[in-house]
A.B. asks: 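A single structure is presented below for examination.
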Amino acid sequence: MKKTRNNAEEFAKEIIERVLNKEVFINDDNTQPGMYDLRIGEIDAPEYAIECISSADPVFTETWNVGPAKGSFYCKVQGDWTIEIETNAIIKSINKKIEKLLQEMENAKIFQISTKKLQNYYYDEILKRLKISFVNCYRKNGTGKIILTMSGGGGGVDYRGNSISPWIEEFITKEKNKDVIDKLQKSNAKYRHIFVFVALTQKKEDWGIISYLTDDFKYLPSEVPKLPDSINGIWIIPILGSSSNQGIYYNGHNWNIFNIN
């Protein structure tokens with residue numbers, strides 16, 4: 001699922017309406033500063049005030065959108081390859097040079113290189129200039145299929161969701177999100193929620209929540225988040241490359257699963 005800031009509020013509105021079975025309105029019409037994004041109830045006496053925010057890194061998002069998000073492509077090579085790129089990779093340069101590079105590697109019988117290990121100085125230098133961290137021919141007699149992925153963190157899957165509450169506590173209290181909390185605090189709504197779009201950035205510090213959101217939701221988080229006094233609800237869904245159709249919702253008492261579509 002891929003959602004951008006331009007349609008984030010509309011997307012969140014559709015989900016909340018379906019889950020809560022209440023009509024949701026776009027509240028921020030840009031007529032005045034400090035308006036929160038969504039509301040349930042009247043303008044002067046809202047029942048719910050909701051702000052939508054994203055964890056997406058702008059550089060990662062741009063690279064993802066012009067690279068891996070466009071899907072696989074084909075080169076005139078014998079094998080099928082996975083190319084792991086760095087966050088600041090220039091996709092145009094990779095597209096221009098990757099075919100010749102892979103042809104040379106196949107001719108040299110080199111089918112895997114990681115720039116984290118000094119394996120071949122000549123190819124290491126080329127890959128580093130292209131901001132490619134790892135190349136792997138996963139099928140030698142293939143069709144020339146090239147799959148771009150992005151480098152980052154990894155580890156065990158947090159299938160119980162133990163990382164969710166600590167992650168959300170830290171994320172929503174970051175300085176960049178201070179205005180979000182301020183807007184909701186001033187709303188005077190009974191329920192003040194934050195709807196978080198979690199980008200699958202694969203940053204090491206985000207691996208726990210990413211692994212949970214892309215797993216099969218066998219368990220709900222048992223730990224409830226310690227939220228600022230002005231916040232009493234959290235919605236979380238994955239974006240950027242996720243095929244998951246589920247998100248989780250903290251209603252002030254416990255976590256719940258909901259369908260995204």
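If you're wondering where the values come from, they're calculated on a predicted model, not measured in any experiment.
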A.B. asks: Give a yes or no on whether Asn21 atom CG has more than 12 heavy-atom contacts from other residues, nucleotides or ligands under 6.0 Å away.
C.D. replies: no

A.B. asks: If hydrophobic clusters are built from ILVMFWY residues whose side chains come within less than 4.5 Å, do Phe11 and Leu20 share one?
C.D. replies: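 Linked, Phe11 and Leu20 end up in one cluster.
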
A.B. asks: Show your reasoning for whether side chain to side chain contact (heavy atoms under 4.5 Å, CB included) applies to Phe171 and Lys176.
C.D. replies: CA-CA 9 Å; Phe171 177 69; Lys176 68 176 183 178; 4.1 Å; yes

A.B. asks: Which pair of heavy atoms, one from Gly79 and one from Glu106, lies closest together, and at what distance?
C.D. replies: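 Answer, listing the atom of Gly79 first, then Glu106: N-OE2, 2.7 Å.
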
A.B. asks: Please say whether the positively charged group of Lys140, taken as NZ for Lys or CZ for Arg, lies over the ring of Phe111, i.e. under 6.0 angstrom from the six-membered ring centre and within 45 degrees of the axis.
C.D. replies: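 Verdict for Phe111: a cation-pi partner in Lys140.
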
A.B. asks: Closer than 3.5 angstrom, by distance alone: can the side chain of Asn120 be matched with the main-chain N or O of Tyr122 as a donor-acceptor pair?
C.D. replies: yes

A.B. asks: Give the minimum heavy-atom separation between Tyr123 and Ala108, together with the two atoms involved.
C.D. replies: OH-CB, 4.1 Å

A.B. asks: By the definition ring-ring contact (aromatic ring centres under 6.0 Å, His included), identify the one residue from Phe25, Tyr191, Tyr36 that meets it with Tyr48.
C.D. replies: Tyr191

A.B. asks: Could you check whether any side-chain heavy atom of Ile126 comes within less than 4.5 Å of a side-chain heavy atom of Leu101, counting everything from C-beta outward?
C.D. replies: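 Side chain of Ile126 against side chain of Leu101, heavy atoms only: contact under 4.5 Å found.
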
A.B. asks: Would a 4.5 Å heavy-atom cut-off, applied to side chains only, mark Asp182 and Leu184 as touching?
C.D. replies: no

A.B. asks: Please check if atom CG in Asn141 has more than 12 non-hydrogen atoms from other residues, nucleotides or ligands closer than 6.0 Å.
C.D. replies: no

A.B. asks: Once rounded to the nearest 0.5 Å, what's the spacing between atom OG of Ser165 and atom NZ of Lys226?
C.D. replies: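 Spacing of OG (Ser165) from NZ (Lys226) equals 8.0 Å.
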
A.B. asks: Quick check: Tyr250 with Trp235 (ring centres under 6.0 Å apart)?
C.D. replies: no

A.B. asks: Treat each ILVMFWY residue as a node, draw an edge where side-chain heavy atoms are under 4.5 Å apart, and state whether Met35 and Ile26 are in one component.
C.D. replies: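 Per the 4.5 Å side-chain linkage, Met35 and Ile26 are not co-clustered.
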
A.B. asks: Does Ile194 form a side chain to side chain contact (heavy atoms under 4.5 Å, CB included) with Val180? I'd like the steps, not just the answer.
C.D. replies: CA-CA 8 Å; Ile194 298 178; Val180 171; 3.9 Å; yes

A.B. asks: Starting from the C-alpha separation in whole Å, work towards a yes-or-no answer on side-chain hydrogen bond (donor to acceptor under 3.5 Å, both in side chains) for Trp81 and Gln112.
C.D. replies: CA-CA 9 Å; Trp81 293 77; Gln112 185 182 94; over 6 Å; no

A.B. asks: Indicate yes or no: does Lys128 engage Asp124 in a salt bridge with an N to O separation below 4.0 Å.
C.D. replies: no

A.B. asks: Does any N or O in the side chain of Asn232 come within less than 3.5 Å of the main-chain N or O of His253, such that one atom is a donor and the other an acceptor?
C.D. replies: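 No.
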
A.B. asks: Just wondering, more than 12 heavy atoms not from Asp229 lying within 6.0 Å of its CG?
C.D. replies: no

A.B. asks: Given Thr63 and Asn88, is the side chain to side chain contact (heavy atoms under 4.5 Å, CB included) satisfied, shown in steps?
C.D. replies: CA-CA 7 Å; Thr63 304; Asn88 58 346; 5.8 Å; no

A.B. asks: Counting C-beta onward and ignoring hydrogens, is there a side-chain heavy-atom pair between Ile172 and Ile234 closer than 4.5 Å?
C.D. replies: yes

A.B. asks: What's the separation between atom CD1 in Ile94 and atom CZ in Arg129, rounded to the nearest 0.5 Å?
C.D. replies: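 One gets 13.0 Å once the value is rounded to the nearest 0.5 Å.
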
A.B. asks: Are Ile85 and Ile91 side-chain neighbours, meaning at least one heavy-atom pair lies under 4.5 Å?
C.D. replies: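 Ile85 reaches Ile91 side chain to side chain.
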
A.B. asks: To the closest 0.5 Å, what do you measure between CG (Asn177) and NZ (Lys183)?
C.D. replies: 10.5 Å

A.B. asks: Could you go step by step and tell me if Ile236 and Trp255 meet the side chain to side chain contact (heavy atoms under 4.5 Å, CB included) rule?
C.D. replies: CA-CA 10 Å; Ile236 302 175; Trp255 290 100; 4.0 Å; yes

A.B. asks: Just how far is it from atom NZ of Lys97 to atom CD1 of Ile132, taken to the nearest 0.5 Å?
C.D. replies: 10.0 Å

A.B. asks: Please answer whether the main-chain N or O of Gln103 pairs with a side-chain N or O of Asn107 as donor and acceptor at a distance below 3.5 Å.
C.D. replies: yes

A.B. asks: For the pair Ser133 and Glu84, evaluate side-chain hydrogen bond (donor to acceptor under 3.5 Å, both in side chains) and give the outcome as yes or no after the intermediate values.
C.D. replies: CA-CA 6 Å; Ser133 55; Glu84 186 181 272; 2.9 Å; yes

A.B. asks: Whether Glu17 and Lys13 form a salt bridge (side-chain N of Lys/Arg under 4.0 Å from carboxylate O of Asp/Glu) is what I want to check.
C.D. replies: yes

A.B. asks: What pair of heavy atoms forms the shortest contact from Gly161 to Pro221, and how long is it?
C.D. replies: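 In terms of heavy atoms, the two residues are closest at O-CB, 3.5 Å.
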
A.B. asks: Considering residues, nucleotides and ligands other than Tyr159, do more than 12 of their heavy atoms fall under 6.0 Å from its OH?
C.D. replies: no

A.B. asks: Is the CD atom of Glu125 crowded by more than 12 outside heavy atoms at less than 6.0 Å?
C.D. replies: yes

A.B. asks: Can you confirm whether the side chains of Asn256 and Asn254 place a donor and an acceptor under 3.5 Å from each other?
C.D. replies: yes

A.B. asks: Flag the pair Cys75 / Ile98 as yes when at least one side-chain heavy-atom distance between them is below 4.5 Å, and no otherwise.
C.D. replies: yes

A.B. asks: Taking only Lys NZ, Arg NE, NH1 and NH2, and the carboxylate oxygens of Asp or Glu, determine whether Glu47 and Lys22 approach each other closer than 4.0 Å.
C.D. replies: yes

A.B. asks: Looking at Lys117, I want to see if its NZ is surrounded by more than 12 non-hydrogen atoms of other residues, nucleotides or ligands under 6.0 Å.
C.D. replies: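 Result for NZ/Lys117: open.
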
A.B. asks: So which atom in Asn30 and which in Asp28 form the shortest heavy-atom distance, rounded to 0.1 Å?
C.D. replies: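 Reported closest heavy-atom pair: N-OD1, 3.1 Å.
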
A.B. asks: Are the side chain of Arg192 and the backbone of Ser230 linked by a donor-acceptor contact shorter than 3.5 Å?
C.D. replies: yes

A.B. asks: What I'd like to find out is whether the side chain of Tyr212 reaches to under 4.5 Å of the side chain of Asn162, using heavy atoms alone.
C.D. replies: no

A.B. asks: If you compare all heavy atoms of Ile209 against all heavy atoms of Ser163, which two are closest, and at what distance to 0.1 Å?
C.D. replies: N-OG, 3.3 Å

A.B. asks: Any side-chain heavy atom of Glu9 sitting closer than 4.5 Å to one from Leu38?
C.D. replies: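 SC-SC contact between Glu9 and Leu38 confirmed.
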
A.B. asks: Measure the OG1-CD1 distance between Thr149 and Ile147 for me, rounded to the nearest 0.5 Å.
C.D. replies: 8.5 Å

A.B. asks: Please answer whether the main-chain N or O of Ile260 pairs with a side-chain N or O of Arg18 as donor and acceptor at a distance below 3.5 Å.
C.D. replies: yes

A.B. asks: I want to check something: taking the side chain as every heavy atom from C-beta on, are Phe195 and Glu51 in contact at a cut-off of under 4.5 Å?
C.D. replies: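 No, side chains not in contact.
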
A.B. asks: At their closest point, which heavy atom of Cys52 faces which heavy atom of Ala12, and how far apart are they?
C.D. replies: SG-CB, 3.7 Å

A.B. asks: Would you compute the distance between atom NZ of Lys96 and atom CG of Leu130 and round it to the nearest 0.5 angstrom?
C.D. replies: 11.0 Å

A.B. asks: Honestly curious: do Val198 and Ile257 fall in one hydrophobic cluster under the side-chain, below-4.5 Å linking rule?
C.D. replies: yes

A.B. asks: With hydrophobic residues grouped by side-chain heavy-atom distances under 4.5 Å, do Leu148 and Phe134 end up in a single group?
C.D. replies: no

A.B. asks: Would you call Arg139 and Asp80 a salt bridge, taking side-chain N to carboxylate O under 4.0 Å as the test?
C.D. replies: yes

A.B. asks: Quick check: is Ile231 connected to Val224 through a chain of hydrophobic side chains (ILVMFWY, heavy atoms under 4.5 Å apart)?
C.D. replies: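 Result: yes, single cluster for both.
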
A.B. asks: State whether a side-chain donor-acceptor pair under 3.5 Å links Asp158 with Ser211.
C.D. replies: no

A.B. asks: Using the ring centroid of each side chain, check whether Phe258 and Tyr249 are separated by less than 6.0 Å.
C.D. replies: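 Distance test on ring centres: not under 6.0 Å, no.
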
A.B. asks: Taking Thr82's backbone N and O only, do any of them form a donor-acceptor pair with Asn136's side chain (distance below 3.5 Å, no angle check)?
C.D. replies: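 No.
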
